[in-house]
Amino acid sequence: MALHLYDTARRGTRAFVPLIPGEVSMYVCGATVQGLPHVGHLRAGVVFDVLSRWLLESGFKVTLVRNVTDIDDKILARAMEEGRPWWAVAAHYERAFSAAYDALGVLPPTIEPRATGHVTQMVELMQRLIDAGHAYAVDGDVYFDVRSFSEYGALSGQRPDSIEPAADSDFASRKRDPRDFALWKGSKPGEPAWPTPWGAGRPGWHLECSAMATNYLGATFDIHGGGLDLQFPHHENEIAQSHAVGDGFAQYWLHNAWVTQAGEKMSKSLGNTMVVQEVLKRIRGIELRWYLVSAHYRSNIEFSDEALQESGAAFRRIENFVVRATERMGDVDPHATPMCADFALAMDDDLGAPAAVAAIHELVTEGNTLLAQGSAANAATLRGVLASVRRCLGVLGVDPLAEPWATRHSGGDDYREAVDVLVQSELHERQEARSAKDFARADAIRNKLAHAGIAIEDTAEGPRWVLAREAE
RNA sequence: GGUGGAAUGGCCGAGAGGCGAGGCAAGGGACUGCAAAUCCCUCUACACGGGUUCAAAUCCCGUUUCCACCUCCA
């Protein structure tokens with residue numbers, strides 16, 4: 001089975017056929033940099049990172065554009081609050097998002113364009129819309145004429161009649177129809193402004209995505225992704241802007257579901273504290289990523305510390321296998337083995353992460369059994385299982401021995417080696433005590449190490465040690 | 001009011017007409033000097049009421065509850 005994806009626009013799962021064989025062009029709505037990133041923001045980043053990795057794994061050449069909206073009403077409001085320029089606010093939170101993406105191992109997109117860098121493209125698009133009779137300028141504002149575009153509402157299944165007036169209803173008097181939305185907002189004194197043929201002003205919210213997607217990916221491209229909430233009005237308006245001028249725009253619309261908390265949507269307006277940098281004090285980045293990645297992207301995740309810890313424990317079982325098997329077999333090349341068929345089948349079915357995760361668990365059980373048997377005869381099989389597990393984990397971005405995790409893990413290599421020398425000598429002493437049936441002494445050593453946060457595992461090859469924090 | 005989702009075992013969480021994913025927890029067993037780690041086994045569910053069918057968690061009708069979007073949101 002080849003890759004199938006759920007296309008919001010068609011309300012169904014269908015085979016993914018790229019415009020150009022072997023190549024995929026994808027645009028993902030990134031952050032409006034107006035606050036600290038929370039777990040929900042990162043879910044979108046992680047979901048489309050996994051899609052991108054799976055496409056790469058499947059042999060496609062991927063061009064991924066993930067924008068940064070760095071000019072917006074909320075950013076201006078935030079700048080007032082924080083008493084510093086809007087561009088300082090935008091830059092500050094953009095760095096916070098980058099750090100968070102990084103902490104979760106999200107691969108950098110091909111390009112991360114900023115809205116403010118693409119005013120030229122926006123002006124061009126507005127001119128095309130005005131020329132085509134789908135937009136009009138009034139007193140320095142430019143609006144999209146919703147009534148001129150019969151397709152409006154198709155993506156979100158809204159009938160134009162039942163759509164409530166757009167947000168900027170304070171401009172209602174200038175609009176031909178209350179549902180018309182602003183492409184461009186004439187600037188008020190003190191606000192940032194860029195020159196246009198219709199006067200100085202700043203971009204409306206939706207325009208930048210149409211302009212940037214088209215600029216980098218062309219008039220027609222393969223996939224457009226984003227959070228579920230963006231379906232309306234944001235993506236609806238993007239479609240309007242682009243289709244109205246005859247651009248094909250996105251062929252597949254993908255939307256990821258929410259991270260909710262106690263049944264409530266995790267929105268910044270609720271002011272909750274699930275910001276990524278806080279959560280990362282309680283759990284490692286790789287475990288947080290596993291938590292986000294092991295759910296289906298179209299299912300809600302109800303965020304809780306218990307669920308997070310439980311998910312972390314499940315991941316550690318897998319991680320332990322990878323580490324132990326690597327200790328036994330040495331490093332393996334994940335791509336030296338064929339892709340696990342069950343995993344591939346699951347991923348091809350609209351990124352069925354839960355079934356894919358189940359396939360990994362089954363591989364790990366098989367691998368653990370081989371590990372427990374410990375005979376040299378099945379070394380080749382074990383090597384294959386290890387490679388296969390790592391190849392699957394790599395698609396989800398959680399192979400502990402791949403970047404960025406490998407480097408982070410070995411960041412303390414010097415210390416680890418020093419500790420290892422000391423612990424090995426303790427373990428040696430304990431083995432001697434055990435041989436001499438002096439179990440009191442053996443247990444005392446074990447307790448001493450446990451007290452230091454080091455857990456001993458007795459394996460067929462003799463004892464090994466792990467930090468209790470990693471094994472708990 | 002409009003649009004779209006969801007209700008699964010102690011918990012998390014898939015599946016989508018027949019053979020009851022996977023994980024966590026719990027109990028039992030193997031291994032161990034004892035543990036830990038690991039493996040094996042057990043517990044076995046589809047909100048409610050009707051209907052279709054040889055067969056329904058899965059399809060149809062109705063009911064209840066919850067959620068999201070229609071306003072800024074990933």
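In what follows, every heavy atom counts, from backbone to side chain, and hydrogens, waters and symmetry copies are set aside. Chain identifiers are assigned alphabetically (A, B, ...) following the order of the sequence lines, protein sequences preceding nucleic acid strands; residue numbering begins at 1 within each chain.
Checking the phosphate oxygens (OP1, OP2) of B:rG23, no side-chain nitrogen or oxygen of A:Trp290 falls inside 4.0 Å. Look at A:Asn256 and you won't find any side-chain N or O under 4.0 angstrom from OP1 or OP2 of B:rA74. For the OP1/OP2 pair of B:rG22 and a distance below 4.0 Å, the side-chain nitrogens and oxygens of A:His361 include no atom meeting the criterion. Checking the phosphate oxygens (OP1, OP2) of B:rA14, a side-chain nitrogen or oxygen of A:Ser299 falls inside 4.0 Å. Proximity of A:Arg317 to the phosphate of B:rC39: a side-chain N or O atom is located under 4.0 Å from OP1 or OP2.
B:rC41 sits 24 Å from B:rU8 when the C1' atoms are compared, rounded to a whole Å. B:rC19 and B:rU44 have their C1' atoms separated by 15 Å, with the value rounded to a whole Å. Comparing B:rA21 with B:rA16, their C1' atoms sit 13 Å apart, to the nearest whole Å. Taking atom P on both B:rA37 and B:rG9, the two are 28 Å apart, rounded to the nearest angstrom.
The CD atom of A:Glu112 lies 4.5 Å from the CZ atom of A:Arg66; values are rounded to the nearest 0.5 Å. Considering CG of A:Leu51 and CG of A:Asp350, their distance stands at 9.5 Å, rounded to 0.5 Å.
For A:Asp458, counting side-chain heavy atoms from C-beta on, the closest listed nucleotide (B:rC34, B:rC11, B:rA37) is B:rC34. Listed nucleotides: B:rA14, B:rU38, B:rA74. Nearest to the side chain of A:Thr32: B:rA74.
With a 6.0 Å radius and a threshold of 12 heavy atoms from other residues, nucleotides or ligands, A:Arg298 has its CZ atom above the threshold.
Taking the nucleotide of RNA chain B with the nearest heavy atom to each of A:Arg298 and A:Asn368, the more 5' of the two is matched to A:Arg298. Between A:Ala31 and A:Ala359, the residue whose closest nucleotide on RNA chain B is further toward the 5' end is A:Ala359.
Residue-level contact check: A:Ala307 touches neither bases nor backbone, having no heavy atom under 4.0 Å from any strand. At a threshold of 4.0 angstrom between heavy atoms, the contacts of A:Gly45 with the nucleic acid are absent. Backbone-only contact: A:Ala44 has heavy atoms under 4.0 Å from sugar-phosphate atoms and none from a base.
Nucleotide B:rC39 forms a Watson-Crick or G-U wobble pair with B:rG29, both donor-acceptor distances falling under 3.5 Å. Across all strands shown, B:rC34 has no partner, as no Watson-Crick or G-U wobble contact with both distances under 3.5 Å is found.
Put simply, the side chain of A:Val466 does not reach to within 4.5 Å of the side chain of A:Val323, judged on heavy atoms.
One can place NE2 of A:His296 at 18 Å from P of B:rU8, the figure rounded to the nearest angstrom. Following rounding to the nearest Å, A:Met274 (CE) and B:rA74 (C1') show an atom-to-atom distance of 16 Å.
Figure legend: A:Arg43 and A:Phe303 shown without cation-pi pairing, the cationic atom not lying both under 6.0 angstrom from the six-membered ring centre and within 45 degrees of its axis.
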